[in-house]
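For reference, the structure is listed below as structure tokens.
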Amino acid sequence: MFKYLILSLTLFFQASSIWAKETTIHDVLGREVTFDAPAQRVIVGFYPEDYMAIGTEQAYDKVVGLSKYIWQARPANWEMYIKHRPSLNTIPAIGKIGSQAFSVEQVISLKPDVLLLADWQFKALGTQAQKIEDAGVPIVVIDYNAQTLQRHVMSTKIIGVITGQKERAEKIANEYTENLNRISTRLKEKNLAKPKIYVEYGASGVNDMGYTFGKNMWGAISTMSGGDNISAPYIEWWGKLNPEQVIAANPDIIVMTGYESASASDGIVMGQGISENIARARLEGFKKRLGWSSVSAIKQNRLFAAYHGACRTILDGAMIQFFAKSLYPEAFADLNPEEAYLDFYKKYLPVTPTGTFTLTPK
């Protein structure tokens, strides 16, 4: 019996090796990268949920290294996955690229077939990238932070190649494209005036202006959804506006974003395990921010909240719906963004979070 088991395992690994073949792709930076696909040993540098959604949970059987800090920054979400799949906790952490915790030598020692990085991570590596590639480790760059349809789709299909889930990736990419096209088509047909929108990461509380976004992340989602992003003329990627700039711009709607925890006791909290009552109480506090009582969004009761963890990911199609409905409530009355967000989990991930992920005014 033992002899047959050994034979079966040998044949399985031989088949896996035969199935993987040399593949050449172009990553989001246009770099030509060659590696064996489906990859048998992968380091996931960023976008860990996307990797699982597109590659399936089984894709993590082949993950030999993980930059865990971005996942652990959403502790309730991380714990939900650990409870479902404890082995995630045993995957070696490669540390945050650009910090002292990151080690090129450790990456090389894990002998990955592919090192999968976000665009910003690859750029932060600088000359270290060449050292990794000279050691025989192909680096593939993807990018959901840019928040463009092209990069979202391309990144999704690249993960599909790495994990051997090309058909699943194609399906997810097509659904994302259809969702965005449906919104843009309706906006074009309605041809409505663009409301001014301001988005702020509200973890630092009422008395401290948080980060806002220019042409990527929530800034790009604001534009995709048909809004006029007041931060765009002043912020390229992300940064802070002066309080007077926000008041002077007089946005028609304001969206505050947050994670499950905040750095200030009155900061925005949203996400896994956060009740609507707690999230709403934190949001209501921002109506008392100095000078905001004169802003149109506050006077017209158009102050919203969204889960910051639902941005820069293939899951953010639901957030585009949320922003479109917030901007144009009548034109998009048929959309249910919160349901769409949870439905993605039910369809493509092994866990489904409970909590508050979008919040509209009462």
Side-chain angles (χ1 to χ4, degrees), residues 49 71 73-81 83-84 179 195 197-208 210-212 217-218 221-222 225 227 251-289 292-293 295 297-313 315-330 332-347 349 351-362:
E49 269 194 297
W71 210 343
R74 303 159 62 196
N77 182 278
W78 170 251
E79 289 302 322
M80 175 177 63
Y81 277 98
K83 184 177 179 181
H84 170 77
N179 176 56
I197 179 172
Y198 172 67
V199 186
E200 180 185 328
Y201 175 54
S204 355
V206 175
N207 297 317
D208 187 6
Y211 290 103
T212 186
M217 295 176 63
W218 294 115
I221 285 179
S222 298
S225 308
D252 299 297
I253 87 161
I254 295 173
V255 182
M256 304 299 299
T257 71
Y259 285 120
E260 289 86 352
S261 60
S263 54
S265 60
D266 58 351
I268 293 291
V269 287
M270 296 285 289
Q272 168 77 1
I274 302 298
S275 71
E276 181 181 334
N277 288 341
I278 291 174
R280 193 172 295 283
R282 296 287 184 96
L283 183 63
E284 286 292 311
F286 281 81
K287 291 182 178 180
K288 299 175 183 176
R289 180 179 264 179
W292 275 27
S293 61
V295 172
I298 303 302
K299 292 195 291 187
Q300 299 299 320
N301 194 31
R302 300 187 73 186
L303 178 64
F304 299 79
Y307 180 42
H308 199 70
C311 184
R312 65 185 178 196
T313 167
L315 284 77
D316 61 36
M319 294 299 119
I320 298 172
Q321 289 189 17
F322 177 63
F323 272 56
K325 188 171 183 176
S326 301
L327 288 159
Y328 306 98
E330 292 182 6
F332 294 99
D334 58 313
L335 299 184
N336 189 333
E338 182 104 359
E339 185 178 282
Y341 182 69
L342 296 176
D343 279 350
F344 187 96
Y345 275 90
K346 292 172 184 175
K347 195 171 182 181
L349 287 159
V351 295
T352 304
T354 57
T356 307
F357 305 94
T358 62
L359 199 59
T360 57
K362 281 190 174 179

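Predicted model, so just to flag it, every value in this text is computed and none were measured.
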Between [atom1] on residue [X] and [atom2] on residue [Y], distance to nearest 0.5 Å:
X: L283; Y: L359; atom1: CG; atom2: CG; value: 5.5 Å
X: S261; Y: I268; atom1: OG; atom2: CD1; value: 13.0 Å
X: L303; Y: S326; atom1: CG; atom2: OG; value: 10.5 Å
X: L349; Y: L342; atom1: CG; atom2: CG; value: 11.5 Å
X: D316; Y: F322; atom1: CG; atom2: CZ; value: 13.5 Å
X: N336; Y: T358; atom1: CG; atom2: OG1; value: 8.0 Å

Would a 4.5 Å heavy-atom cut-off, applied to side chains only, mark [X] and [Y] as touching?
X: E49; Y: N77; answer: yes
X: S204; Y: Y211; answer: no
X: M217; Y: Y201; answer: no
X: D252; Y: Q300; answer: no
X: P353; Y: M80; answer: yes

### Query
Quick check: are there more than 12 heavy atoms from other residues, nucleotides or ligands sitting under 6.0 Å from CG of D343?
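Enclosed: over 12 neighbouring heavy atoms sit under 6.0 Å from CG of D343.
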### Message
A quick test of your reading: do over 12 heavy atoms of other residues, nucleotides or ligands sit less than 6.0 Å from CZ of F304?
### Response
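Result for CZ/F304: enclosed.
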Any idea which heavy atoms bring [X] and [Y] closest together, and the distance?
X: V269; Y: A279; result: O-CB, 3.5 Å
X: K325; Y: P337; result: CD-CD, 4.2 Å
X: R282; Y: A262; result: NH1-CB, 4.3 Å
X: D266; Y: V206; result: OD2-N, 3.3 Å
X: A324; Y: F332; result: O-CD1, 3.5 Å
X: S225; Y: L327; result: O-CD1, 3.5 Å

#### Entry: Single hit among R280, K287, K288 for side chain to side chain donor-acceptor pair (under 3.5 Å) with E284
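Of the listed residues R280, K287, K288, the side chain to side chain donor-acceptor pair (under 3.5 Å) partner of E284 is K287.
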Do side-chain atoms of [X] reach the backbone of [Y] as a donor and acceptor pair under 3.5 angstrom?
X: T257; Y: H308; answer: no
X: R302; Y: P361; answer: no
X: T352; Y: Y345; answer: no
X: E260; Y: Q272; answer: yes
X: T212; Y: V199; answer: yes
X: E200; Y: G210; answer: yes

### Task
Determine, stepwise, if the pair F323 / W218 fulfils ring-ring contact (aromatic ring centres under 6.0 Å, His included).
CA-CA 9 Å; F323 272 56; W218 294 115; 5.3 Å; yes
### Task
Determine which pairs satisfy salt bridge (charged side-chain N to carboxylate O under 4.0 Å, His left out) with at least one residue from residues 352-362, sequence neighbours left out, and list them in order.
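Applying salt bridge (charged side-chain N to carboxylate O under 4.0 Å, His left out) to every pair that reaches into residues 352-362, excluding sequence neighbours, yields nothing.
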### Y341 and F357 aromatic ring geometry - parallel, tilted or perpendicular at 30°/60° bounds
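Judged by the thresholds at 30° and 60°, the geometry between F357 and Y341 is tilted.
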### Message
Parallel, tilted or perpendicular, judged at 30° and 60°: which one describes the rings of W292 and Y198?
### Response
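Perpendicular, since the angle between the ring planes exceeds 60°.
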